[in-house]
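If you're wondering where the values come from, they're calculated on a predicted model, not measured in any experiment. When a ligand or atom number is given, it counts from 1 through the structure's own listing order.
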Amino acid sequence: MLELYHNDMSVCAQKVRIVLAEKKLKWKDNHLNLFKGEARTEKYKKLNPNGVVPTLVTENRQIITESTVITEYLDEAFSSPPLKPKTPHLIATMRLWTKQLDEGIHVSTASVSNAIAFRYAHFEGKSKEEIKMHYDAIPDPARRERLWDLAMNGINSKYFSIAIFRFEKLFTDMEITLNKNEWLAGNSYSLADIAFTPYITRFDHLNLLGLLDQRPHILKWYDKIRKRDSYKVAIEDRLENKIVSLMIEKGKETLPEVRQIINKG
Ligand SMILES: N[C@@H](CCC(=O)N[C@@H](CS)C(=O)NCC(=O)O)C(=O)O
């Protein structure tokens, strides 16, 4: 059986779970508590040296990391229903979307989530020294530096405004595309739509969907996606109330400040 090391609220894990749900695959659930640092243990880093989720263990006990790679693997290994468009050009279009996630959008989401809400969950129950040790255990030095800065400075961190501008560009590109096509890569639902679903959901949880007020096509796309069974199974049924409440509460006051950052340019 497939095995997934994941976390219920992790955006990268959510997209893998959507693919598993779309294909109605059974999998063994290895849930890791990220706030307790369970992805940074020496044992887990043997599977995933970056100390992050998700990690897939295939039926043949091969290990696959990186959520975009995992979703492509699942689509290759389990063909029904196909989650790639039919033509080479549309497959390339799909990959241009998923590539953006790996080249900035994911990092920006982590910046926004940590600055507004997650830092409080990382601090909970830890002394100052333990908080420092928790962040020092992040294997990648650039990621360690960024998350530490976000933890200490919240939305005043330079990484927060960098992330907000990256999202402004993304939302503009998505709106233009979804005004022309039903889905991100043409007129069939694909790994591109799946990949972006958790990220728009995260903005929803952070009370930042107001940024899409003037982007009706993204909102329509998001509504359609939320009606799919895979969304319910992979995201909704697994929401951790405590974390969602933290995001809603901390996000409440943030939208005007985000608008200010955007307006200042
Ligand atoms: N590029 C990786 C990013 C994985 C990643 O950043 N995962 C986050 C959750 S979304 C994580 O595991 N963080 C663990 C931690 O901060 O300790 C992928 O797409 O799989």
List, one per line, each side-chain donor-acceptor pair under 3.5 Å for residues 242-249, sequence neighbours excluded.
{"from": "Lys242", "atom 1": "NZ", "to": "Glu124", "atom 2": "OE1", "distance (Å)": "3.4"}
{"from": "Lys242", "atom 1": "NZ", "to": "Glu124", "atom 2": "OE2", "distance (Å)": "3.1"}
{"from": "Ser245", "atom 1": "OG", "to": "Asn241", "atom 2": "O", "distance (Å)": "2.7"}

**OP:** Measure from NZ or CZ of Arg228 to the centre of the six-membered ring of Tyr189, then state whether that distance is under 6.0 Å and the direction lies within 45° of the axis.
**Re:** yes
**OP:** Would you please classify the geometry between the His134 ring and the His122 ring as parallel, tilted or perpendicular, with 30° and 60° separating the classes?
**Re:** tilted
Original post:
Quick one: is the NZ or CZ of Arg226 closer than 6.0 Å to the six-membered ring centre of Tyr222, and within 45° of its axis?
Top reply: yes
**OP:** May I ask you to check whether over 12 heavy atoms, not counting those of Glu240, lie within 6.0 Å of atom CD?
**Re:** yes
Original post:
Using a threshold of 4.0 angstrom between heavy atoms of the protein and any atom of ligand 1, which residues qualify?
Top reply: Ser10, Val11, Cys12, Leu34, Arg40, Gly51, Val52, Val53, Pro54, Glu66, Ser67, His106, Arg143
Subject >> Flag side-chain contact, heavy atom, 4.5 Å: Leu20 against Leu4 >> reply: yes
